[in-house]
K.L.:
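Starting off with a structure, shown below.
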There are 2 protein chains.
Amino acid sequence: MTSPARRRSAGDRRAQLVAIGLELLPTTPVQELTIDEVARRAGISRSLLFHYFASKRDYYTAVTRAAADVLREHLAPRPGLPAGEQAAGMLERYVGWVETYRDAHLSFVRGAAAGDPWVAEVYEETREQLVDMALAALELPDDARRRQLLRAWFAFTEDLVSSWVREPTMERGELVDLLRGLLDRLLES
Amino acid sequence: MTSPARRRSAGDRRAQLVAIGLELLPTTPVQELTIDEVARRAGISRSLLFHYFASKRDYYTAVTRAAADVLREHLAPRPGLPAGEQAAGMLERYVGWVETYRDAHLSFVRGAAAGDPWVAEVYEETREQLVDMALAALELPDDARRRQLLRAWFAFTEDLVSSWVREPTMERGELVDLLRGLLDRLLES
DNA sequence: TAGCTTGTTGACCGTTGCTCAGCAAGCCGA
DNA sequence: TCGGCTTGCTGAGCAACGGTCAACAAGCTA
């Protein structure tokens, strides 16, 4: 019935499938993304998807990891800026990110973090990397306690910025200052 | 093949099924809980479960709501204590709760919050109620900004306490003081 | 005992994740 | 041009799961 798909190189096909997943992520909770739908959009048979990804889980983690890569790259310190301003820049970019991709971001954070434990693992992993980046930007030593506080601060920030975008109860600058002040206070001890 | 189940009143049966769900929650992410398994444990056929709950989703939300009820009841202010100490008591009980039911709590928070949007709704709802309780205990007026900050503080607390239980990087008292201090500072403005 | 209510079941269906044998497109050496 | 190799790709088919439906039967009441 359906005409066979155009033949592609393995790398191309894989990339295409991940790209489709990324495209669907903002509108669909990860776990509601069916293999059928993805295959249909790619114009290939389900079987082919399983040729590239061992399981649905495998595919999900690949997509989630790709999403995490985009975020991480966006937040990464900009070389050339003085070290002292790196942290401020990251915070600024994070707020901007959530402002721009609110739904997509929530889909990633909430959708990915739960559901499948494997996918959650990718999320945790990304978070640890963000903690690393932040500690480096702040030029602070890396001990267990600081990491904990920083992770919790991320949770605070994630939550506050998301709800602030939905209902701005303060000036943007005030929000950033509040987050920055909180971070300084938590880490000074 | 299987002998028919003992006949029960509608209320009993419903309660039993929800209880089984609560029992399974700590060890199983909500969405991996299959109807088959629940029915098997209850010693009934799948069909009967669908007689009491319109859909799997419906059953999940019922279980999640039951879990939320238990938490809310545990945190609720103890009548008789002076108003000023209510907030401290709630915080204390929250830390104790996570210490005791760590896995179950994480299953609820992470598992429930994500995955199914309907289940997430129950979680949000519970959170709003906790915010209400906290504002009342603190005897603070209820405005949008304060609610936002309080919700974010909950996210911070949830995250920090969970990771602190896993790896205690400070004294218990220090943890509670830190959380309390942070809350005061956030809400004083 | 007849009859009503309602707790309960098994047979059945569509979807979805996943497997497997095999087709065919493109490339290569002769 | 032909044969053969690699490998992208498909369709049939299976098991598990969510969900439906007609019908059975336990227990109450007249």
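As the structure is a prediction and not an experimental result, all values here were calculated from the model. As a basis for the values below, the full set of heavy atoms in this structure was taken, side chains included, without hydrogen atoms, waters or symmetry mates. Throughout, a chain's letter reflects where its sequence line sits, starting with A, and its residues are numbered from 1.
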K.L.:
Once you round it to whole Å, what is the distance between P of C:dT19 and CG of A:Asp58?
P.N.:
11 Å
K.L.:
May I have the distance from A:Glu32 (atom CD) to C:dT16 (atom P), rounded to whole angstrom?
P.N.:
11 Å
K.L.:
Any base atoms under 4.0 Å from B:Ser45, or only sugar-phosphate, or nothing? Heavy atoms, all strands.
P.N.:
base
K.L.:
How many Å lie between CG on B:Leu48 and P on C:dT8, as a whole number?
P.N.:
5 Å
K.L.:
Quick one: are B:Leu187 and B:Trp153 in side-chain contact, heavy atoms under 4.5 Å?
P.N.:
no
K.L.:
State whether the side chain of B:Arg93 and the backbone N or O of B:Ala76 hold a donor-acceptor pair below 3.5 Å, judged by distance alone.
P.N.:
yes
K.L.:
Between B:Trp97 and B:His105, what is the ring plane arrangement, given parallel below 30°, perpendicular above 60°, and tilted in between?
P.N.:
perpendicular
K.L.:
Find the distance A:Asp12:CG to D:dT7:C1' and express it as a whole number of Å.
P.N.:
15 Å
K.L.:
Write down the distance between OH (A:Tyr60) and P (C:dT16), rounded to a whole number of angstrom.
P.N.:
11 Å
K.L.:
Using a heavy-atom cut-off of under 4.0 Å over every strand shown, decide if A:Arg46 touches base, sugar-phosphate, or nothing.
P.N.:
base
K.L.:
Between atom NE2 in B:His51 and atom P in C:dT6, what is the gap in whole Å?
P.N.:
9 Å
K.L.:
What nucleic acid atoms does B:Ser9 come within less than 4.0 Å of, heavy atoms only: base, sugar-phosphate, or nothing?
P.N.:
nothing
K.L.:
Which part of the nucleic acid, if any, lies within contact of A:Ser47, taking any heavy atom under 4.0 Å across all strands shown: a base, the sugar-phosphate backbone alone, or nothing?
P.N.:
base
K.L.:
Are any of A:Arg13's side-chain N or O atoms less than 4.0 Å away from OP1 or OP2 of D:dC9?
P.N.:
yes
K.L.:
Please work out if A:Arg6 contacts a base, only the sugar-phosphate, or nothing of the nucleic acid, heavy-atom cut-off 4.0 Å.
P.N.:
sugar-phosphate
K.L.:
Begin from the C-alpha positions of B:Arg145 and A:Glu167 and carry the test salt bridge (charged side-chain N to carboxylate O under 4.0 Å, His left out) through to its verdict.
P.N.:
CA-CA 9 Å; B:Arg145 180 184 160 136; A:Glu167 185 188 14; over 6 Å; no
K.L.:
In whole angstroms, how far is the P atom of C:dG7 from the CG atom of B:Leu49?
P.N.:
14 Å
K.L.:
Between B:Lys56 (NZ) and D:dG19 (C1'), how many Å, whole number?
P.N.:
12 Å
K.L.:
Assess whether a salt bridge exists between A:Arg127 and B:Asp159, defined as any Lys/Arg side-chain N lying under 4.0 Å from an Asp/Glu carboxylate O.
P.N.:
yes
K.L.:
Just call it for B:Ile35: base, sugar-phosphate, or nothing, with non-hydrogen atoms closer than 4.0 Å on any strand.
P.N.:
sugar-phosphate
K.L.:
Could you check which of D:dG18, C:dT16, C:dA25 has an atom nearest any side-chain atom of B:Thr34?
P.N.:
D:dG18
K.L.:
OP1 or OP2 of C:dG17 versus the side-chain N and O atoms of A:Tyr59: is any pair under 4.0 Å?
P.N.:
no
K.L.:
Please tell me which of the listed nucleotides, C:dG7, D:dG8, C:dG17, lies nearest to the side chain of A:Ala10?
P.N.:
D:dG8
K.L.:
So A:Phe53, base contact, sugar-phosphate only, or nothing? Heavy-atom distance under 4.0 Å.
P.N.:
nothing
